[in-house]
Amino acid sequence: MTVRLFDTLSGEARELEPLEPGHVRVYSCGPTVYGPAHIGNFRSFLFADLLVRYLRYRGYRVTWVMNITDVDDKIIRGAAATGIMIEELAARYTEQFLADARTLRMTMPDVLPRATAHIPEIVALIQTLLEHGHAYRTDDGSIFFRIASWPAYGRLSRLDPAQLRVGERVEADDYGKDDVRDFALWKGPKPGEPVWETAIGPGRPGWHIECSAMSMRHLGPSFDIHTGGIDLIFPHHEDEIAQSEAATGQTFVRTWLHCAHLQTGGEKMAKRTGNIARVAELLERGISPRALRYALISAHYRTSLAYSDESLAAAASAVQRLDALLGALDAYRQERPGDASLEALLKGARAAFEAALDDDLNISPALAALFELVRELNRRIDARSLSTADAACAAAVIRDLDRVLGVTAGEAPERLPDELVALLEARAAARAARDWAESDRLRAELAARGIVVEDTRDGQRWRRTGEGEQRWVNHG
RNA sequence: GGCGACGUACCCAAGUGGCCUAAGGGGGAGGUCUGCAAAACCUCUAUUCGCCGGUUCGAAUCCGGCCGUCGCCUCCA
């Protein structure tokens, strides 16, 4: 069994064969830190996270690089509008991004390179392109990539350069271009904009060049996987290929993976349409981060995903179903011989889970396999047909599969204040004495203090009421 | 205008020629279990896959047309 991934450039699914056997190098286009990212952005970051988690689950060593664009037109405008330095604005939203990423349990990339920390690499790349005749200067000190010098331009996006509509938003300072379709590698100095004094003159980097410079700096001139949103295919990734391959003469990226858009209200979630939701706002509304993560990763990455309050609620229920099972397995105690068919059940579920994800990260059948296992384990819990050791074994398998998904509750349960623990213990005692009136009174009292209690054959379990992060904790 | 994706139950969403009288999650309706509650389990909730033709022994799956939705075409994850 091998991992197959759908490559945008060739238009076909291909087996993953890392350049260096056993070691996969992945570059993901990360955020431009001009404001807080919305959850549509996070869909694409979490898709990359899922990829990395699965490859590691599969035993690959993975080097994952995600860039942070900390200088661009929007950041400059944003800083000017709020009267702060661009470094300050970028730092603020970089922090915000990292906080949101942690909230959503995104694996931390091995490297998070910032554009402003890679000016020498960017300049060197542009110098090479100038030397090879793929780039030219204009009067204002800008440097452009000459599309006409690169016949393969348009292959990734399947666009014919000759057919490209010339945008209406051509800036005044772009008039010096030889061809309106040429794109900026370096932007000449302008008042009020950051300027670097470099060997190619003063100015600042264009958007596309940073990804080429940073990916090749950290992963080499040729690497395995490059991810991003589908909207980056053109022009961003098309430009990356052109400038990188024109400079090195080598294949830039072996497999291009693109994540489809998050849809809400029937259209793409985008800042310009205003139909956005942000992680911090959802947290304030009491949404569980794990439910949000589940909602964003639970559909195949190449299909657009409908997001709504309803989809979020469905995700929350699905996550709670997993929580409830794990809680039940952890509390389960039964002296009896082991379940002879359990091993085959667990192996079968794992095999189905892996087969689905091997197939271009097809997560839907993987989740189906997981939930079929959940139902079967619940049946066996009800039937008391598992031994204590069986239950622990089953829980371990679920948690192992969750290394890929990252949606189950963490290991460290919350400690309740002593007075609430006392109430739980009093209730357990009342139940042991079959004093139902007292038991119900204590349940109501706990409920009034925000604690839901349930009774199982293996004792009480509790969790906090309301929205937000919830998990069942077994108690006696 | 050019290029592309998609249309499966109340919602989300797999399945891309026979194992489909169509996964899984959510929601809804009944039931079992339970002191009660919750959880869990069981049954039901698409004889049908946008519409119309065609190919085939056989199609949700292939082909053609039509209708509809969405995306990209130098801000974009």
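These numbers come from the heavy atoms of this one structure, side chains and all, not from hydrogens, waters or symmetry mates. A, B, ... follow the sequence lines: proteins, then strands. Residue 1 opens every chain. On a predicted model such as this, the values are computed, not experimentally measured, just so you know.
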Which residues pass the side chain to side chain contact (heavy atoms under 4.5 Å, CB included) test with [X], not counting sequence neighbours?
| X | result |
| --- | --- |
| A:A368 | none |
| A:S28 | A:V26, A:A48, A:W64, A:M66, A:T227 |
| A:A352 | A:A369 |
| A:D382 | none |

Base-pair map of RNA chain B as dot-bracket, where | denotes pairing with a different strand and pairs are Watson-Crick or G-U under 3.5 Å: ((((((((.[[[..)..(.....]]]((((((.......))))))....[[[[[..)....]]]]])))))))....
Quick one: which protein N/O atoms are closer than 3.5 Å to N/O atoms of nucleotides 15-17 of chain B? Pair and distance per line, please.
| residue | atom | partner | partner atom | Å |
| --- | --- | --- | --- | --- |
| B:G15 | OP1 | A:N362 | ND2 | 2.9 |

Expressed in whole Å, how much space separates the C1' atoms belonging to B:G58 and B:G17? 8 Å
Please report the distance, rounded to the nearest Å, between CD in A:E454 and P in B:A40. 8 Å
Round to a whole Å and report the spacing from CG of A:L296 to C1' of B:C12. 13 Å
Heavy atoms from C-beta onward define the side chain here; which of B:C3, B:C73, B:C36 lies closest to that of A:R158? B:C3
Nearest to the side chain of A:A306, which nucleotide is it out of B:A77, B:C12, B:A14? B:C12
Looking at residues at least two apart in the chain, or sitting in another chain, which of them share a side chain to side chain donor-acceptor pair (under 3.5 Å) with [X]?
| X | result |
| --- | --- |
| A:D390 | A:S387 |
| A:E95 | none |
| A:D72 | none |

Table please: side-chain donor-acceptor pairs of residues 34-42 of chain A below 3.5 Å, with sequence neighbours left out.
| residue | atom | partner | partner atom | Å |
| --- | --- | --- | --- | --- |
| A:H38 | ND1 | A:G40 | N | 3.0 |
| A:H38 | ND1 | A:N41 | N | 3.4 |

Under the salt bridge (charged side-chain N to carboxylate O under 4.0 Å, His left out) rule, what pairs show up with a residue in residues 294-318 of chain A, not counting sequence neighbours? A:R285-A:D309, A:R302-A:D360
Contacts under 3.5 Å, N or O only, protein and nucleotides 26-32 of chain B:
| residue | atom | partner | partner atom | Å |
| --- | --- | --- | --- | --- |
| B:G26 | O3' | A:S317 | OG | 3.4 |

Taking atom CZ of A:R155 as the centre, does the number of heavy atoms from other residues, nucleotides or ligands within less than 6.0 Å exceed 12? no
